[in-house]
Amino acid sequence: ASAQAEVRGGSVVGGKVSGVQRLFVANDGDVATEAIVQTKSGADSALFVISASTCEGATLAAGTACVVDLNFAPPKSAALGPKSGQLSVGTVTAALSGTVTAPEQLTISPTTSSFTPTLVGSTSTSRSFTVTNPGTSASGPITTQLLGPDPGQFVVIASSDRCAGVSLGAGASCTVTVAFSPKRTGVASADLSVSSVDSGTATAALTGAGLGPTVLSISPSTKDFGALPVGTSSASQLFTVTNVGTQDSGFLTPSLGGE
């Protein structure tokens, strides 16, 4: 009997299954074979799964053939790298080979975003982030969340989150929208995290600055110009206006009130 020398399972992510690889076994002799026994051997033979066989127990007449279908199916716990084994079918033996690879990781773009300074209690213009699955198989359901030092200062816009709970197909993308909504003044930072069990985690760094309201002070707060004859003018007096807030005041308009 004869068969091809090797069955290649290709490169497979742990926890996934390769396509079917077929081993052809032919009786190229002049007489029928005995009943065929098929066995696997080798350190990694358990990773190669026989999904169908017309050889096991068969007696091949001269000039006929049988087939064995195999899948390379490493578990998630399998160590990365090349794997090998042997499959014996009757009197022939074929080498089995395959490689366990790490899953392709999700990517996110942009990877950083600085929001414009925003008044405390208000919300900035939102920013969109594109999440892509560069792998060759589905990502599995995606989780979106805010992490890092100040996650409460930012918000994922739920109505524009096209990634949460979605399993991205190979090469597919989705978008997540985030806004800066400061609860206090000062610089804030957080991470937008998108992850799935099968395709890892991608993060984008977020920063923003919370601004307090404009607060103006004037000094002196009172000034006595004294008693003057009608029709005369006092000497001019200087008043200093200071912005003691954390936001630019914009253009000021002085005015006089009272009697």
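All values below come from the heavy atoms of this structure, side chains included, with hydrogens, waters and symmetry mates left out.
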**Approximate separation, where rounding is to 0.5 Å, of Phe154 CZ and Ser113 OG** = 8.5 Å
**Asked** Any side-chain heavy atom of Leu206 within less than 4.5 Å of one from Phe115?
**Response** yes
**Prompt:** So, do Leu168 and Ile142 sit near enough that their side-chain heavy atoms are less than 4.5 Å apart?
**Reply:** yes
**Request:** Determine, stepwise, if the pair Ser97 / Arg8 fulfils side chain to side chain donor-acceptor pair (under 3.5 Å).
**Result:** CA-CA 5 Å; Ser97 65; Arg8 296 184 175 92; 4.9 Å; no
**Message:** For Ala58 versus Thr54, what's the shortest heavy-atom pair and its separation?
**Reply:** CB-O, 3.5 Å
**Message:** Do Pro220 and Thr222 have side chains that approach each other closer than 4.5 Å (heavy atoms only, starting at C-beta)?
**Reply:** no
**Request:** Look at the side chain of Ser45 and the backbone N and O of Gly42, then say whether any donor-acceptor pair between them is shorter than 3.5 Å.
**Result:** yes
**Prompt:** salt bridge (Lys or Arg N to Asp or Glu O under 4.0 Å) with Lys76: which residues, sequence neighbours excluded?
**Reply:** Asp198
**Intermediate values then yes/no, side-chain contact (heavy atoms from CB on, under 4.5 Å), Ile36 and Val89** = CA-CA 7 Å; Ile36 293 175; Val89 183; 3.5 Å; yes
**Message:** Under 3.5 Å, is there a donor on one side chain and an acceptor on the other for Gln38 and Ser53?
**Reply:** yes
**Asked** OG/Ser160 to CZ/Phe129 distance, rounded to the nearest 0.5 angstrom?
**Response** 13.0 Å
**Message:** Between Ser128 and Thr175, do the side chains contain a donor N or O and an acceptor N or O under 3.5 Å apart?
**Reply:** no
**Prompt:** Nearest heavy-atom pair of Ala164 and Thr144: which atoms, and what distance?
**Reply:** CB-OG1, 3.8 Å
**Item:** Residues which pass side chain to side chain contact (heavy atoms under 4.5 Å, CB included) with Pro75, listed by chain and number, not counting sequence neighbours
**Value:** Leu47, Ser77, Ala78
**Fill in**
Of all heavy-atom pairs linking Thr59 and Thr33, the shortest is CG2-O, 2.7 Å
**Shared hydrophobic cluster, Leu23 / Ile50 (ILVMFWY, side-chain heavy atoms < 4.5 Å)** = yes
**Message:** As an exercise, state the distance from CZ of Arg162 to OG1 of Thr130, rounded to the nearest 0.5 Å.
**Reply:** 12.5 Å
**Request:** Check the hydrophobic clustering (I, L, V, M, F, W, Y; side-chain heavy atoms under 4.5 Å; chains of links allowed) and say if Leu147 and Val187 are grouped together.
**Result:** no
**Asked** Is there a path of hydrophobic side-chain contacts, each under 4.5 Å between heavy atoms of I, L, V, M, F, W or Y residues, that connects Leu146 with Val131?
**Response** yes
**Fill in**
What one should report as the nearest heavy-atom pair of Pro110 and Ala204 is O-CB, 3.6 Å
**Request:** Look at Arg184 together with Asp150 and state whether they make a salt bridge at an N to O cut-off of under 4.0 Å.
**Result:** yes
**Prompt:** Can you list the steps and then say if Leu106 with Asn133 is a side-chain contact (heavy atoms from CB on, under 4.5 Å)?
**Reply:** CA-CA 5 Å; Leu106 294 172; Asn133 172 18; 4.1 Å; yes
**Asked** Is a side-chain N or O of Ser196 found less than 3.5 angstrom from the main chain of Ser139, in a donor-acceptor match?
**Response** yes
**Prompt:** Counting only N and O atoms by type, is there a donor-acceptor contact under 3.5 Å from the side chain of Asp69 to the main-chain atoms of Val20?
**Reply:** no
**Check: Thr93/Gln86 side-chain N/O donor and acceptor closer than 3.5 Å** = no
**Least distance between heavy atoms, Ala35 atom then Gly57 atom** = CB-O, 4.0 Å
**Item:** Over all atoms of both residues, closest heavy-atom pair of Gly140 and Ser167
**Value:** N-OG, 3.0 Å
**Message:** Under the criterion side chain to side chain donor-acceptor pair (under 3.5 Å), I'd like the reasoning laid out for Ser181 against Gln153: C-alpha separation, chi angles, the key distance, then a yes or no.
**Reply:** CA-CA 5 Å; Ser181 185; Gln153 303 282 73; over 6 Å; no
**Prompt:** Do the side chain of Asn27 and the main chain of Gly29 share a donor and acceptor less than 3.5 angstrom apart?
**Reply:** yes
**Prompt:** If Ile, Leu, Val, Met, Phe, Trp and Tyr residues are connected whenever their side-chain heavy atoms lie under 4.5 Å apart, and connections chain through other members, are Leu216 and Ile218 in the same group?
**Reply:** yes
**Message:** Looking only at side-chain N and O atoms, does Thr207 offer a donor or acceptor that is under 3.5 Å from a partner on Ser114?
**Reply:** yes
**Message:** Quick one, Gln105 and Thr107 - any side-chain contact, counting heavy atoms below 4.5 Å?
**Reply:** no
**Prompt:** Would you say Val156 and Thr177 make side-chain contact, with heavy atoms under 4.5 Å?
**Reply:** no
**Asked** Can you tell if the side chain of Val92 reaches within under 4.5 Å of the side chain of Val25, non-hydrogen atoms only?
**Response** yes
**Request:** Indicate whether any N or O donor in one side chain lies under 3.5 Å from an N or O acceptor in the other, for Thr132 and Ser173.
**Result:** yes
**Request:** Take Phe72 and Val17 through the test side-chain contact (heavy atoms from CB on, under 4.5 Å) and record every step on the way to the result.
**Result:** CA-CA 6 Å; Phe72 181 45; Val17 180; over 6 Å; no
**Message:** Does Glu34, at its CD atom, have more than 12 non-hydrogen atoms belonging to other residues, nucleotides or ligands within less than 6.0 Å?
**Reply:** no
**Prompt:** Tell me, do Val100 and Lys83 make a side-chain contact under 4.5 Å, heavy atoms counted?
**Reply:** yes
**Prompt:** Does a donor on one side chain sit under 3.5 Å from an acceptor on the other, for Thr203 and Asp191?
**Reply:** no
**Request:** Show the numbers, then the answer: is there a side-chain contact (heavy atoms from CB on, under 4.5 Å) between Leu60 and Cys66?
**Result:** CA-CA 8 Å; Leu60 291 182; Cys66 63; 3.9 Å; yes
**Request:** Return yes if some donor-acceptor pair links the side-chain N/O of Asn71 with the main-chain N/O of Ser18 below 3.5 Å, else return no.
**Result:** yes
**Message:** If hydrophobic clusters are built by linking Ile, Leu, Val, Met, Phe, Trp and Tyr wherever their side-chain heavy atoms come under 4.5 Å apart, do Val49 and Leu87 end up in the same one?
**Reply:** no
**Asked** Donor-acceptor pair, Lys40 side chain versus Phe48 backbone, under 3.5 Å?
**Response** yes
**Message:** I'd like to check Ile108 versus Leu192 (side-chain heavy atoms, cut-off strictly below 4.5 Å). Are they in contact?
**Reply:** yes
